Protein chains: 2
Amino acid sequence: MTDLGASLARIVRRLMKAEEPVLRAHGLSMWAYAALSSLAERPATSQLALAKAIGYDKTRLIGLLDELAEAGLVVRERDPADRRSHIVRLTPAGESRHAAARADIRALEDDLLGALSPTEQRQFRAMLARLADES
Amino acid sequence: MTDLGASLARIVRRLMKAEEPVLRAHGLSMWAYAALSSLAERPATSQLALAKAIGYDKTRLIGLLDELAEAGLVVRERDPADRRSHIVRLTPAGESRHAAARADIRALEDDLLGALSPTEQRQFRAMLARLADES
DNA sequence: TATTGTTATACTCTATAACTATA
DNA sequence: TATAGTTATAGAGTATAACAATA
């Protein structure tokens, strides 16, 4: 049987390639979308926490947040309890931008999973979520 | 439900991070292992065909094959039928190097899938192979 | 004219270390 | 002293175009 890593990497590459132009049409990079998605679930207590949540480097997150803030999609506020930290949250514009992008992304994902039956799709998504949550 | 792309990308990143040192212990990079794996199934009729088979750039494959050839793991032969093409195949040393690395990689994969039951693992691998084969 | 292999170049992405301000 | 955020820089990875040999 073929390697798990090879199959996964191939699928990810194909998905990224399909999603990239769709996100760009919304004015978002892949990492920008990842950040907005995380913030849509809940605001970040610090930039470091956000970096860990999306698996991104904290030093690169800075420039990304600069752009997102300038575009009016997120706001950074100093945490009154610990003035070293920045609380990061979506603006209303950020929320709607994310929702619009997500609808298109979701359509692409369903297309990718088209080779599977509806039941299999649910199973696959569920198993994937379990594996991704592990660490 | 969480994004498919985000879950997949996270799993791939985790798997790569775990596999990279294991492969390095065998003197292989991730792409070197991908190339050996493809050649282990069948020799490549051309470098271009190998590049497509593993989803790698043809211009970067050249340096990779230079290293693998110097290490005695693969050989390049001009195709007598089309002297532009190079047929690429594993040497006996390449075959055994790949088999040894693959055994270790397989153990890592089983570990990653540990959160799933044996039945689910089979289902997951099967669905993944179908999705990866699509294109 | 088109394709395979190749080289060179520029560009992006990523990792590391060092600095500041707060704690 | 330790941590959050920041900056700068070097290195790895990647994409693109151009060329020689062959078809």
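These values consider heavy atoms only, across backbone and side chains, with no hydrogens, waters or symmetry-generated copies. If you're wondering where the values come from, they're calculated on a predicted model, not measured in any experiment. A note on names: the letters A, B, ... follow the listed sequences, proteins ahead of strands, and every chain is numbered from 1.
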Legend entry - Residue pair Asp3(B) / Arg102(A): nearest heavy atoms and the distance that separates them: OD1-NE, 4.2 Å

Legend entry - Partner residues of Ser37(A) under the side-chain hydrogen bond (donor to acceptor under 3.5 Å, both in side chains) criterion, sequence neighbours left out: His98(A)

Legend entry - Shortest non-hydrogen contact between Ala34(A) and Ile54(A), atoms and distance: O-CG2, 3.5 Å

Inset, instruction - Kindly state which residues belonging to residues 79-86 of chain A come within less than 4.0 angstrom of DNA chain D, counting heavy atoms of the residue only, listed by number. - result: Arg84(A), Ser85(A), His86(A)

Please set out all donor-acceptor pairs under 3.5 angstrom arising from side-chain atoms of residues 58-66 of chain A, sequence neighbours excluded.
unit_1, atom_1, unit_2, atom_2, d
Thr59(A), OG1, Asp57(A), OD1, 2.4
Asp66(A), OD1, Arg76(A), NH2, 2.3

Give every donor-acceptor pair under 3.5 Å between a side-chain atom in residues 87-96 of chain B and any protein atom, sequence neighbours left out.
unit_1, atom_1, unit_2, atom_2, d
Arg89(B), NE, Glu77(B), OE2, 3.1
Thr91(B), OG1, Gly72(B), O, 2.6
Thr91(B), OG1, Leu73(B), O, 3.2
Thr91(B), OG1, Ala93(B), N, 3.4
Thr91(B), OG1, Gly94(B), N, 3.0
Ser96(B), OG, Pro92(B), O, 3.4
Ser96(B), OG, Ala93(B), O, 3.1

Legend entry - Selection: residues 17-36 of chain B, any non-hydrogen atom under 4.0 Å of DNA chain C: none

Legend entry - Test salt bridge (Lys or Arg N to Asp or Glu O under 4.0 Å) applied to Arg13(A) - qualifying residues, sequence neighbours left out: none

Legend entry - Side-chain heavy atoms of Leu112(B) within contact of Leu108(B), under 4.5 Å: no

Legend entry - Contacting residues from residues 39-78 of chain B, given that a heavy atom lies under 4.0 angstrom of DNA chain D: Asp57(B), Thr59(B), Arg60(B)

Inset, instruction - Extract, from 5' to 3' on DNA chain C, the first and final nucleotides lying under 4.0 angstrom from some heavy atom of chain A. - result: dT14(C) to dA23(C)

Inset, instruction - With sequence neighbours left out, write down each residue that passes salt bridge (Lys or Arg N to Asp or Glu O under 4.0 Å) with Asp79(A), or none if nothing qualifies. - result: none

Legend entry - Shortest non-hydrogen contact between Ala9(A) and Met16(B), atoms and distance: CB-CE, 3.8 Å

Legend entry - Residue list, salt bridge (Lys or Arg N to Asp or Glu O under 4.0 Å) with Arg78(B), at least two apart or on another chain: none

Legend entry - salt bridge (Lys or Arg N to Asp or Glu O under 4.0 Å) against Glu109(B), all qualifying residues, sequence neighbours excluded: Arg106(B), Arg125(B)

Legend entry - Contacts of type side-chain hydrogen bond (donor to acceptor under 3.5 Å, both in side chains), residue Arg84(B), not counting sequence neighbours: Asp82(B)

